[in-house]
Amino acid sequence: MPKHGKKYTAAAAKVEAGKLYTPKEAAALVKEIAFAGFDETIEATFRLGVDTRKADQNIRGSIALPHGTGKTVRVAVFAEGEQARAAEEAGADLVGSDDLVAQVQAGNIDFDAAIATPPMMAKVGRLGKILGPRGLMPNPKLGTVTMDVAKMVNELKAGRVEYRADRYGICHVAVGRVSFPLEQIVENYGVLLNEILRVKPSSAKGKYIKSVSLASTMGPGVKVDSSIVRNLLEA
């Protein structure tokens with residue numbers, strides 16, 4: 001077992017073992033016990049009853065959180081002509097076609113998210129081995145292969161996040177920062193929870209959401225009662 005410092009131990013002591021907190025209680029406690037000297041990210045962790053080795057249980061998608069995550073997102077867009085101009089007007093940080101492909105091939109990856117128009121995918125496809133492992137490859141299922149590049153640039157800048165269950169069925173997603181008002185954290189969590197429930201595979205057997213917890217970057221996890229799905233700010 002890893003040995004934790006005094007601050008972590010003191011924070012963990014405030015979390016009641018075995019208790020399932022309401023989303024509002026959990027978010028408030030995570031904010032209260034955060035101890036790092038920076039504005040920590042608050043992350044929701046879902047343990048799902050799925051077998052991601054089966055194609056129809058491979059939980060993955062993206063969703064726009066109403067209050068974003070507090071992270072400044074640099075967006076690259078692979079596009080030409082009218083779509084390139086639209087991307088620039090929407091505030092994309094990098095826009096290009098062959099030149100941007102060459103930049104990535106040279107190892108210059110100064111962005112957090114990438115969008116491509118369908119005609120560009122023949123060229124962008126060559127970057128799969130570079131962008132894929134970094135989670136930056138444009139994907140139609142995530143909405144990042146699109147002709148409406150302006151809309152996706154705006155959504156990514158505003159706080160669209162990707163969720164993906166790993167081989168153990170664990171899904172980690174940022175829902176804000178410690179500095180966020182409590183209501184914003186809870187509302188972001190609620191939108192994410194409803195999305196996770198929406199994409200439940202029909203073939204998944206047994207309990208779907210096995211557990212949920214909220215935690216700051218450096219802090220201990222606080223278990224959340226996942227059965228509370230409505231009126232989260234009143235519970």
Side-chain angles (χ1 to χ4, degrees), residues 11 14-16 18-34 36 39-50 52 57-73 112-113 135 141-144 151-152 154-166 168-202 204 206-235:
K14 295 183 180 180
V15 181
E16 187 176 331
K19 178 177 178 179
L20 291 179
Y21 291 81
T22 69
K24 185 177 180 180
E25 290 173 337
L29 184 55
V30 168
K31 283 171 61 68
E32 177 191 337
I33 62 180
D39 191 11
E40 299 175 67
T41 294
I42 294 179
E43 191 173 75
T45 299
F46 294 81
R47 188 163 68 91
L48 304 176
V50 296
T52 55
Q57 293 188 32
N58 195 355
I59 303 294
R60 185 181 184 186
S62 65
I63 185 172
L65 298 180
H67 305 291
T69 63
K71 179 182 178 181
T72 300
V73 180
D112 306 299
K141 292 182 179 180
L142 301 178
T144 47
K151 178 183 177 183
M152 185 50 62
N154 288 327
E155 289 190 3
L156 287 170
K157 290 282 189 180
R160 175 172 282 275
V161 295
E162 181 180 343
Y163 58 86
R164 184 175 190 174
D166 64 18
Y168 302 108
I170 308 295
C171 189
H172 305 276
V173 186
V175 292
R177 291 185 181 270
V178 168
S179 62
F180 277 27
L182 176 62
E183 293 77 12
Q184 291 186 1
I185 297 169
V186 175
E187 287 172 0
N188 276 352
Y189 164 80
V191 168
L192 175 61
L193 172 63
N194 284 324
E195 173 69 6
I196 295 296
L197 290 170
R198 185 187 70 80
V199 297
K200 176 185 178 181
S202 58
K207 190 175 176 69
Y208 175 52
I209 298 183
K210 293 185 174 182
S211 67
V212 184
S213 65
L214 290 178
S216 62
T217 305
M218 304 295 289
V222 178
K223 292 185 177 181
V224 185
D225 185 347
S226 62
S227 69
I228 301 175
V229 297
R230 296 182 181 179
N231 303 318
L232 302 190
L233 287 169
E234 298 174 14

If we only count heavy atoms from C-beta on, is the I59 to T52 side-chain gap below 4.5 Å?
no
Can you sort out the partners of A215 under side-chain contact (heavy atoms from CB on, under 4.5 Å), two or more places apart, ordered by chain and number?
none
By salt bridge (charged side-chain N to carboxylate O under 4.0 Å, His left out), R60 pairs with (sequence neighbours left out) E162
Just how far is it from atom CG of L192 to atom CG of L197, taken to the nearest 0.5 Å?
9.5 Å
One should read off an interatomic distance between I185 CD1 and L214 CG, to the nearest 0.5 angstrom, of 8.5 Å
Indicate the atoms forming the closest heavy-atom contact of Y208 with P201, along with that distance.
CE1-CD, 3.8 Å
Under the side chain to side chain donor-acceptor pair (under 3.5 Å) rule, what pairs show up with a residue in residues 187-202, not counting sequence neighbours?
H67-E187, Y163-E195, E195-R198
Provide the closest heavy-atom pair for V15 versus P220 in the form atom of the first, atom of the second, distance.
CG2-CG, 4.3 Å
Using every non-hydrogen atom in the two residues, find where P23 and V186 come nearest and quote the distance to one decimal.
O-CG2, 4.1 Å
Just verifying a value: how many Å separate T217 OG1 and D39 CG, rounded to the nearest 0.5 Å?
8.5 Å
With rounding to the nearest 0.5 angstrom, report the CD to CG distance, Q184 to L233.
11.0 Å
In this structure, are over 12 heavy atoms from other groups packed under 6.0 Å from K31 atom NZ?
yes
Return the CD to CD distance between E16 and E25, rounded to the nearest 0.5 Å.
10.0 Å
What verdict does the side chain to side chain contact (heavy atoms under 4.5 Å, CB included) test give for L48 and I209, after you've listed the backbone C-alpha separation in whole Å, the side-chain angles of each residue and the deciding distance to 0.1 Å?
CA-CA 5 Å; L48 304 176; I209 298 183; 3.9 Å; yes
According to side-chain contact (heavy atoms from CB on, under 4.5 Å), who are the partners of E155, at least two apart in sequence or on a separate chain?
K151, M152, R160
Minimal heavy-atom distance between V30 and S216, with the atoms involved, is CG1-N, 3.7 Å
Indicate yes or no for a side-chain donor-acceptor contact from S226 to the backbone of V212 under 3.5 Å, with no hydrogens or angles considered.
no
If you round to the nearest 0.5 Å, how far is CZ of R47 from CG of D166?
11.5 Å
Heavy atoms of A27 and L182 approach each other most closely as CB-CD1, 3.4 Å
Listed by chain and number, what are the side-chain contact (heavy atoms from CB on, under 4.5 Å) partners of D112, not counting sequence neighbours?
K71, V73, R74
Got V224 and L193 here, is their nearest side-chain heavy-atom distance under 4.5 Å?
no
Tell me every residue that passes side-chain hydrogen bond (donor to acceptor under 3.5 Å, both in side chains) with K157, counting only those two or more places apart in sequence or in another chain.
D93
Residue pair V173 / C171: nearest heavy atoms and the distance that separates them:
CG2-SG, 4.0 Å
